[in-house]
Number of protein chains: 2
Amino acid sequence: MADGGTKTGAGRVTIRTVAEDAGVSVAAVSKVMRNAYGVSEALRLKVEASIARLGYRPSVAARGMRGQTFTLGVLLVGIDNPILPLIYGGIEGVAEAAGYKIMVGVGAARMQTEARLIEQMLDNRMDGLILVASRIAGDVLERYARQIPIVVVGHHEPSARHFDTVNNDDRQGARIAVGALIDAGHRDIAMLALPHPEDHQANVSPQRERGYREAMAAAGLSSFARIVHMPQPEVPRHAEMTALLSGPDRPRAVFCWSDLDAIPLINVAHELGLRVPADVAVVGYDNSQVAAMPVVGLTSVDQDARGLGEAAARALLSRIGGRSEVSHVILHPRLVCRTSHR
Amino acid sequence: MADGGTKTGAGRVTIRTVAEDAGVSVAAVSKVMRNAYGVSEALRLKVEASIARLGYRPSVAARGMRGQTFTLGVLLVGIDNPILPLIYGGIEGVAEAAGYKIMVGVGAARMQTEARLIEQMLDNRMDGLILVASRIAGDVLERYARQIPIVVVGHHEPSARHFDTVNNDDRQGARIAVGALIDAGHRDIAMLALPHPEDHQANVSPQRERGYREAMAAAGLSSFARIVHMPQPEVPRHAEMTALLSGPDRPRAVFCWSDLDAIPLINVAHELGLRVPADVAVVGYDNSQVAAMPVVGLTSVDQDARGLGEAAARALLSRIGGRSEVSHVILHPRLVCRTSHR
DNA sequence: ATGAAAGCGCTAACAC
DNA sequence: GTGTTAGCGCTTTCAT
């Protein structure tokens, strides 16, 4: 392997180097590093001086072999979903303030990859894990949760007992979105949803479908209700969307499970010469940056992504701190109105 | 801390567990794990059976204390740049095929954060580092490169000696973009660039500025050449762009250093009632997903982001493998034509 | 309050 | 070809 290496080579400053420099024991240095109990002010000062002078940085690897690594693992499903940076920002803010580092694992939305990623984090001795928009089933997570504190964001598992969840109220968000469409005078409102998942109600799309149905029913519009499930992610959605908007029974309005599909839908409408919202109104979910662009002007549900991240980090830290009762946080979404729905 | 823990607790399967189960020494197991030289087929089979049966996974932390971790660190500046997922995909493909894991560090574009991130990766005993769009100065990197193999993507340091670089030819890309504008009949072509960096020519924007000037000069249009530098990232660019497009000497065409600014510019034009490209033509750089949307239709330079990632990973692996001569890879960009430039 | 020493799980010499 | 063993840098009892 490469020469350099961080290995024991000549230069590397270890806890022992510091101890010798400060004229104390390694145990003393260790205690100072961890703010442990039982160090005199004088000793702490000496040690801190040496640490600063030598530029000592503890090895996370060595730490991980016995104690905490003070590192949180964050699992992201792909890095192309525009909501992720916001969630991540929230996590980072809280974690950093508490003196924790973050390592990110990026997984395509394949379940197998995700499981590998969790194990990788385990192998790296993270102190805790935040799973964002994971697709892994609840019972599998319960098993992992026995090995490491876990918080899940964007996946509804209200009956989970050994890991925490943080979500926005997807049903409510959908009701708000559909309500806005109804208030704007639309009746023939369709919904664009993800393909049917195997593990029923845990994912966000099915939750939003429920909210959609509830809102339609409450307005006496159940007869208009229809949910179009997108084909698998591998299949291009373009054809499906074109079919939806060019058929004879084209809906007058569409509530999309996510901006990820709402924005392409607006583009398909544009291609077909349909005006938004005059010919077809659209509301999305996530209030992503692209939605806010004037040429798009997509009305969208904002789920306070940063708040989700912050709540997740707080939950994880309290788990690490010893809490064992489960915690399920639900944040309230709000609608951001632009030009696409009325 | 939390009960569970991955610590030595009851269950954890270590190399010793495997050794006992297989009836061999720990060294034997270690060798099998690393495909090291000198293990009989019979022994290897026994050990592999035990590993599978016990579900053994080596601790990266422990590995890192003596040997390689088989983990590559990837430093991303923010996760909101749409080109990053592609680069990442390229890195991951090559790394995975070679049996390496990846850990991602996410840093806002603040330089101090980046340095911290590098040290964090060092602390975690990564085998090598890929820095994507880093802003860190070359001499600082040279220093870090003595401790760990480093490859930099999207930062021109042709004279670097201890770390490798992988880039697209930003000057050429700019020349192609400006050439397309000239071919479309435009003469009054401005360029939108990043704020002037301290470390002159290393970043991509200044390289693209050079290409812009060269192309303008070659066409005898130097008198039209003008580069508008965006304000610092904290300041909203909106006002600056509005000023550019609404002044009396509004340019007829704009080459933008990145889609990141080209897309907002198109939106500003839209707000001002300007038609693109009839009133103002626009060409961007990076060929991001949003650029491809029909409502945007942005002509943009594609720098083969996935190829950059793959080249970077290959370079890093060969560094780790022992190469010590420096390697500077340059890929060739191509223009993707849409509706915004003619 | 401080330090000595026993590991943590693994790799890499070095014996056999 | 296989096993023994000495660390890697740190945390953590347990003496002092």
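The shown structure was predicted, so the numbers you read here are calculated from the model rather than taken from an experiment. For the numbers below, each heavy atom of this structure counts, side chains included, while hydrogens, waters and symmetry mates do not.
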>> Need to verify one output field. Residue with the more 5' nearest nucleotide on DNA chain D, V39(B) or A62(B)?
In response: V39(B)
> Between R34(A) and dT12(D), is there a side-chain N or O to OP1/OP2 distance below 4.0 Å?
Replying inline: yes
> Would one find a side-chain N or O of S30(B) under 4.0 angstrom from OP1 or OP2 of dT11(C)?
Replying inline: yes
> Under a 4.0 Å N-O cut-off, is there an ion pair linking E96(A) with R116(B)?
Replying inline: yes
>> Can you tell whether the side chains of R323(A) and D164(A) come within less than 4.0 Å, N to carboxylate O?
In response: yes
> So, is Y56(A) close to the dC10(D) phosphate, meaning a side-chain N or O under 4.0 Å from OP1 or OP2?
Replying inline: yes
> Do E114(A) and R135(A) meet the salt-bridge criterion of a basic N to acidic O distance under 4.0 Å?
Replying inline: no
>> Between S40(B) and dT2(D), is there a contact of a side-chain N or O with OP1 or OP2 at under 4.0 Å?
In response: yes
>> Whether R161(A) and E142(A) form a salt bridge (side-chain N of Lys/Arg under 4.0 Å from carboxylate O of Asp/Glu) is what I want to check.
In response: no
> Where each residue is assigned the nucleotide of DNA chain C containing its nearest heavy atom, which of A42(A) and F70(B) is assigned the position nearer the 5′ end?
Replying inline: A42(A)
> Looking for any heavy atom pair under 4.0 Å, which part of the strands does A28(A) touch: base, sugar-phosphate only, or nothing?
Replying inline: sugar-phosphate
> Between M65(A) (CE) and dT12(D) (P), how many Å, whole number?
Replying inline: 13 Å
>> Please classify the nucleic acid contact of V29(B) as base, sugar-phosphate, or nothing, using heavy-atom distances under 4.0 Å.
In response: nothing
> Between dC10(D) atom P and D123(B) atom CG, what is the distance in whole Å?
Replying inline: 10 Å
> Among dT11(C), dT11(D), dG9(C), which nucleotide sits nearest the side chain of R63(A)?
Replying inline: dT11(D)
> Can you tell me if the side-chain N/O atoms of S25(A) get under 4.0 Å from OP1 or OP2 in dG3(C)?
Replying inline: yes
>> Please find the pair of heavy atoms, one from S50(A) and one from V18(A), that lie closest to each other, and give the distance.
In response: CB-CG1, 4.0 Å
> Hey, does the side-chain of K31(B) have a donor or acceptor N/O within less than 3.5 Å of a partner on the base of dG1(D)?
Replying inline: no
> Among dG3(D), dT11(C), dA5(C), which nucleotide sits nearest the side chain of A27(B)?
Replying inline: dG3(D)
> Is any side-chain nitrogen or oxygen of R66(A) closer than 4.0 Å to OP1 or OP2 of dA6(C)?
Replying inline: no
